[in-house]
Amino acid sequence: MEQQVHFMTLATRDLDAARRFYRDGLGWDPLMDVPGEIVFFQVAPGLVLSLFDAEKFNRDLATGTDLSSVSGVTLAHNVGGPDEVRDLVSRMESAGGTVLKEPQPGEFGGVFHAHVQDPNGVIWEIAHNPGWRIDEAGRVHLG
């Protein structure tokens, strides 16, 4: 198997709230939007984030149990500086997000960051990490 991920699918209990948060609040353009079912966002070259109605997510898995909760996972978005962290966190809160950790210096690695939970429980880390960068090809350089 090649070392890559093409889709990240997150179950959402309120697809309409998720749509409002990402599309209307953050200004993201859906790649495809199927009302009442799923919305797809192109988030990087070759990578799509999909938000899938939780009931349909569970039916798709066909296990007979509810596996739609998100736990122990954060999605991260990196920006150019601490002011950008503050601005984006404010925008996310205005779009219906809940600030879990106000913008502040992090405990690890010289990062300045905050944590915001979207309307369905997905936790985003908004960070400025001067110790790493993303090149024009999309490759991450650590350290």
Side-chain angles (χ1 to χ4, degrees), residues 1-63 65-101 103-104 106-143:
M1 179 175 158
E2 292 183 42
Q3 186 173 320
Q4 54 186 288
V5 174
H6 300 103
F7 276 85
M8 290 185 300
T9 299
L10 303 175
T12 178
R13 298 229 180 266
D14 188 338
L15 186 58
D16 292 332
R19 180 182 295 105
R20 284 190 302 274
F21 182 79
Y22 291 96
R23 185 192 67 197
D24 302 338
L26 299 182
W28 287 18
D29 293 319
L31 181 64
M32 176 184 246
D33 188 343
V34 181
E37 187 173 320
I38 196 165
V39 60
F40 298 95
F41 296 97
Q42 182 85 45
V43 294
L47 182 59
V48 171
L49 173 66
S50 60
L51 303 169
F52 197 6
D53 176 80
E55 180 183 323
K56 292 180 176 146
F57 176 90
N58 282 320
R59 280 200 333 242
D60 190 47
L61 292 178
T63 64
T65 58
D66 182 359
L67 297 174
S68 65
S69 66
V70 178
S71 177
V73 174
T74 60
L75 300 179
H77 180 79
N78 292 281
V79 296
D83 286 339
E84 289 180 58
V85 172
R86 290 182 195 95
D87 291 344
L88 184 52
V89 167
S90 176
R91 186 171 168 196
M92 293 174 90
E93 185 174 29
S94 295
T98 301
V99 178
L100 302 176
K101 181 179 189 177
Q104 61 189 271
E107 187 176 343
F108 308 103
V111 67
F112 184 88
H113 68 159
H115 289 100
V116 180
Q117 192 170 39
D118 83 1
N120 288 290
V122 176
I123 299 172
W124 281 87
E125 177 184 30
I126 306 304
H128 167 63
N129 188 337
W132 65 280
R133 67 183 177 82
I134 303 170
D135 67 23
E136 290 180 14
R139 184 173 304 273
V140 175
H141 297 269
L142 302 173

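Looking only at side-chain heavy atoms (C-beta outward), Glu93 and Val116 stay at 4.5 Å or farther from each other. By the 4.5 Å heavy-atom criterion applied to side chains, Met92 and Ile126 are counted as neighbours. Between Phe112 and Arg86, the closest side-chain pair of non-hydrogen atoms falls below 4.5 Å. Contact check for His115 versus Trp124: no side-chain heavy atoms found under the 4.5 Å cut-off.
Other residues, nucleotides and ligands contribute more than 12 heavy atoms inside 6.0 Å of the CE atom of Met8. The environment of CD in Glu55 is sparse: at most 12 heavy-atom neighbours from other residues, nucleotides or ligands sit within 6.0 Å. At most 12 non-hydrogen atoms from other residues, nucleotides or ligands lie less than 6.0 angstrom from CD of Glu107.
Residue His113 forms a side-chain hydrogen bond (donor to acceptor under 3.5 Å, both in side chains) with just one option from Gln104, Glu125, His128, and that option is Glu125. Considering Phe40, Phe41, Phe21 as possible partners of Leu51, the one that fulfils the side chain to side chain contact (heavy atoms under 4.5 Å, CB included) test is Phe41.
Not one N or O on the side chain of Arg13 forms a donor-acceptor pair closer than 3.5 Å with the backbone of Ala54. Although no hydrogens or angles enter the test, the distance criterion places a donor-acceptor pair under 3.5 Å between the side chain of Thr63 and the main chain of Thr65. Not one N or O on the side chain of Lys56 forms a donor-acceptor pair closer than 3.5 Å with the backbone of Ile38. Of the possible polar contacts, one joining the Asn120 side chain to the Asp14 backbone as a donor-acceptor pair under 3.5 Å is found. The backbone N or O of Leu67 sits less than 3.5 Å from a side-chain atom of Asn58, completing a donor-acceptor pair. Under the 3.5 Å distance criterion, the side-chain polar atoms of Gln117 are left unmatched by any main-chain donor or acceptor of Pro119. In this structure, Ser94 contributes its side chain and Ser90 its backbone to a donor-acceptor pair below 3.5 Å.
Checking Gln4 against His6 by side-chain atom types alone, a donor-acceptor pair falls below 3.5 Å.
Closest approach of Pro35 to Asp33, counting heavy atoms only: CD-O, 3.4 Å. Annotation for Gly27 and Arg91: closest pair N-NH2, 3.6 Å, computed over non-hydrogen atoms. Of all the heavy atoms in Val5 and Leu47, the pair that sits closest is O-CD1, 3.5 Å. Minimum heavy-atom separation, Val85 to Ala127: CG2-C, 3.8 Å.
Leu15 contributes atom CG, which lies 9.0 Å from atom CD of Glu37 (distance to the nearest 0.5 angstrom). Thr12 contributes atom OG1, which lies 11.0 Å from atom CZ of Phe57 (distance to the nearest 0.5 angstrom). Rounded to the nearest 0.5 angstrom, Trp28 CH2 and Leu49 CG are separated by 6.0 Å.
The pair Asp53-Arg59 does not count as a salt bridge, with every side-chain nitrogen at least 4.0 angstrom from each carboxylate oxygen.
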Q. Can you check side-chain contact (heavy atoms from CB on, under 4.5 Å) on Val39 and Arg23, steps first, answer last?
A. CA-CA 10 Å; Val39 60; Arg23 185 192 67 197; over 6 Å; no
(Q) Using the rule given for side-chain contact (heavy atoms from CB on, under 4.5 Å), can you reason through Arg20 versus Asp16, listing the C-alpha separation, both sets of side-chain angles and the distance that settles it, and then say yes or no? (A) CA-CA 6 Å; Arg20 284 190 302 274; Asp16 292 332; 3.6 Å; yes
